[in-house]
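Here is the structure we will look at, set down as structure tokens.
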Amino acid sequence: MHPQLEAVTEQIQQRSLTRRAAYLEKIRQAAERPRQQGLSCSNLAHVMAAESEQERLIMRSGGASHIAIISSYNDMLSAHVPLADYPEILKKTLLQRGATAQFAAGVPAMCDGVTQGTAAMQLSLFSRDLIAQATAIGLSHGVFDGALYLGVCDKIVPGLLIGALHFGHLPAVFVPAGPMHSGLSNPEKAAIRERYARGEVSRDELLTAELAAYHEAGTCTFYGTANTNQMLMEAMGLHVPGSAFVHPQTLLRTKLTEQAALTLLELTKQGERYLPVGLQINAKALVNGMVALLATSGSTNHGLHLPAIARAAGYELRWEDFAQLAQVVPQLAKVYPNGAADVNQFHAAGGVAWVLRELLHEGLLHADVQTASAQGISAYTQEAYLNKEQLAWRDLPDTSPAENIVRVFTEPFAQHSGWHLLQGNLGRAMVKSSAVKPEFWSIKAPAKVFASEQAAAEAYQAGTLTGDFVMVVRFQGPRANGMPELHSLMPLLANLQQRGQRVALVTDGRLSGASGKVLTALHVTPEAATEKSVLSLIQNDDLIHLDVEANVLQLEVTAEELACRQPAKQPTDEPFGYGLELFKAQRQLASPADQGASLLTEE
Ligand SMILES: O=C(O)[C@H](O)[C@@H](O)[C@H](O)[C@H](O)COP(=O)(O)O
């Protein structure tokens with residue numbers, strides 16, 4: 001095993017000893033409790049009231065597994081549409097094996113693609129915690145032996161997993177929907193957006209292009225947060241192996257969905273190998289997830305989600321852990337925004353299985369982890385296929401079928417995975433450099449300070465963003481406004497960069513998993529809305545120094561000068577009609593970004 005992998009795992013385990021032990025004790029006690037304990041006949045009759053005679057008989061006998069289905073289905077969002085048929089497929093498969101299932105909860109699912117650039121984006125991150133809470137509501141009825149989690153997108157899978165870990169005595173299998181077919185390519189889509197920002201194409205032409213990119217049911221095709229989620233579920237062994245990027249509405253997808261139900265049955269107490277998800281997701285499984293995230297240059301949002309997920313399992317993950325792993329994990333995949341290929345092309349080239357195989361072979365994944373597959377993590381290095389209409393798995397080729405998309409370990413795209421922790425008097429920030437050309441990895445330039453994405457965009461439209469500069473967009477942290485993504489600024493800054501200006505972004509907000517080609521110091525902590533923040537002291541034209549390789553995040557203003565400054569005030573105008581006022585408590589309670597920006601804590 002790679003010594004750095006061992007060291008980082010050990011440091012996570014050591015700092016989490018007490019909390020993890022307390023968590024395991026809670027799981028042990030919950031697992032010992034008989035199912036339905038404390039439920040009266042009236043309670044149970046409520047559970048069975050709407051079930052068929054056959055299901056009632058099975059449920060009354062009490063010996064068979066009873067499974068919860070938790071789903072993020074809605075028919076507004078393309079990624080969720082394929083989930084419509086899943087409960088029936090899953091229930092039927094289970095019933096054939098003498099087990100029952102109920103649709104225990106539908107969780108809310110919002111789309112960052114729809115809300116990007118609008119005030120609704122301020123609810124996006126908080127929806128993760130709400131999904132965890134909604135999952136708990138579904139599972140709270142206390143009648144289940146395991147749960148199938150149906151979800152895909154950005155906050156949904158992390159929210160479901162946090163919820164699942166709070167029921168860590170139950171086994172869990174995650175059931176994905178798969179990506180839509182490739183449409184207009186992601187680089188072409190980005191190019192048209194940049195041309196629109198320059199006034200070169202009409203809104204009608206832009207919409208036509210967007211519709212050619214987002215064109216059918218299924219997940220979006222770039223390697224943003226949603227698809228990074230799918231990769232993570234494989235790397236942490238929570239999927240049926242190979243199910244991340246198979247298209248919806250295919251026989252292979254249906255077989256994988258059926259297999260998810262069968263796999264979960266094996267993992268229940270009544271099954272052959274009881275595997276509670278709280279035991280499965282230990283420090284080694286979390287580190288495997290982090291390593292795979294780094295090797296594929298996945299979404300920066302997981303710098304928030306993984307610490308929040310870990311916390312739910314009694315672990316404390318720190319950004320230092322990511323940074324230390326990042327030094328030894330090479331970049332083995334190039335998928336948009338880090339390259340031109342989309343997830344369909346990535347999958348065709350070997351995809352997640354390829355990356356996991358290379359990492360496992362080099363001792364950069366823990367092999368001694370438990371997974372949904374009885375074969376362990378090595379099962380996730382194979383691809384799923386249909387052999388005479390039956391689900392089967394096979395090895396991938398030894399040499400890369402597309403060297404521009406996946407590489408062998410010895411010939412990576414880069415030795416460093418491209419995730420960096422910057423530090424300095426501004427605090428700490430995360431940078432993903434893999435989509436940014438190395439000549440832009442450092443900058444020292446005057447600040448242009450904004451308190452909102454809209455104000456920054458207006459300055460662009462007014463033509464005042466001249467010369468080299470570091471754009472500061474503050475009061476975008478969890479306590480300020482829920483930490484929205486600021487993805488709409490990317491085409492604007494990319495245009496300026498293309499014109500020859502040196503530009504960068506510093507923000508306490510987030511960026512889309514689809515990131516961008518402009519250097520961005522993200523998730524700055526402490527955020528501007530908190531007392532210790534230096535971000536709130538920045539004034540226009542102050543020099544800011546960012547350096548990816550030297551890990552610098554520095555405001556070039558003396559401590560004496562800063563001590564004389566008054567912090568800027570957060571604008572108070574909150575638009576009505578988005579429900580933002582309902583999330584005031586979340587804003588007040590959210591933990592700092594480096595602890596997951598969550599109001600849910602496991603003590
Ligand atoms: O984190 C993410 O992956 C994003 O939030 C993503 O879910 C969102 O849909 C993008 O805003 C759309 O990306 P494009 O701008 O490339 O279409």
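In what follows, every heavy atom counts, from backbone to side chain, and hydrogens, waters and symmetry copies are set aside. Remember, it's 1-based here, ligands and their atoms both numbered in the order they're listed.
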Atom 12 (C) of ligand 1: nearest protein contact (heavy atom, Å): F222 CZ, 3.5 Å
Y336 and F222 aromatic ring geometry - parallel, tilted or perpendicular at 30°/60° bounds: perpendicular
Polar contact flag for S299 and ligand 1 (N/O pairs, less than 3.5 Å): no
K189 heavy atom under 4.0 Å from ligand 1: yes
Which of the ligand 1 atoms, numbered from 1, are nearer than 4.0 Å to a heavy atom of G113: 8 (C), 9 (O)
Taking atom 11 (O) of ligand 1 as the reference point, the nearest protein heavy atom with its distance: Q116 NE2, 2.5 Å
Numbering as shown, the atoms of ligand 1 that approach G224 to under 4.0 Å (heavy-atom distance): 3 (O)
Where ligand 1 meets T225 - atom numbers and elements under 4.0 angstrom, heavy-atom basis: 1 (O), 2 (C), 3 (O)
Nearest neighbour in protein (non-hydrogen) for atom 5 (O) of ligand 1: E485 OE1, 2.5 Å
Per-atom contacts, ligand 1 versus Y214 - under 4.0 Å to a heavy atom: 12 (C), 13 (O), 14 (P), 16 (O), 17 (O)
Basic-acidic side-chain contact under 4.0 Å: E485, R510: yes
Closest protein heavy atom to atom 7 (O) of ligand 1, given as residue, atom name and distance to 0.1 Å: D154 OD2, 2.7 Å
N-O pairing of E574 and R587 below 4.0 Å: yes
Whether Y149 and F174 hold their rings parallel, tilted or perpendicular, with breakpoints at 30° and 60°: parallel
Parallel, tilted or perpendicular, as decided by the 30° and 60° cut-offs, for the rings of H523 and W319: tilted
Heavy atom of the protein closest to atom 15 (O) of ligand 1 (residue, atom name, distance): R193 NH1, 2.4 Å
Where at least one partner belongs to residues 210-235, residue pairs that pass salt bridge (charged side-chain N to carboxylate O under 4.0 Å, His left out), sequence neighbours excluded: R193-E210
Contact check, E210 vs ligand 1, heavy-atom distance below 4.0 Å: no
Parallel, tilted or perpendicular: rings of H416 and H420 (30°, 60°): parallel
Salt bridge (charged side-chain N to carboxylate O under 4.0 Å, His left out) assessment of R502 paired with E439: CA-CA 10 Å; R502 284 192 84 88; E439 63 257 40; over 6 Å; no
Location of contacts on N301 toward ligand 1, heavy atoms closer than 4.0 Å: side chain
Minimum-distance protein heavy atom relative to atom 4 (C) of ligand 1: S512 OG, 3.1 Å
Heavy-atom gap Y336 to ligand 1 smaller than 4.0 Å: no
Salt bridge (charged side-chain N to carboxylate O under 4.0 Å, His left out) between R318 and E316, intermediate numbers included: CA-CA 6 Å; R318 295 188 184 159; E316 190 188 332; 2.8 Å; yes
Polar contact flag for G513 and ligand 1 (N/O pairs, less than 3.5 Å): yes
Intermediate values then yes/no, salt bridge (charged side-chain N to carboxylate O under 4.0 Å, His left out), D112 and K155: CA-CA 9 Å; D112 289 356; K155 313 304 166 307; 2.5 Å; yes
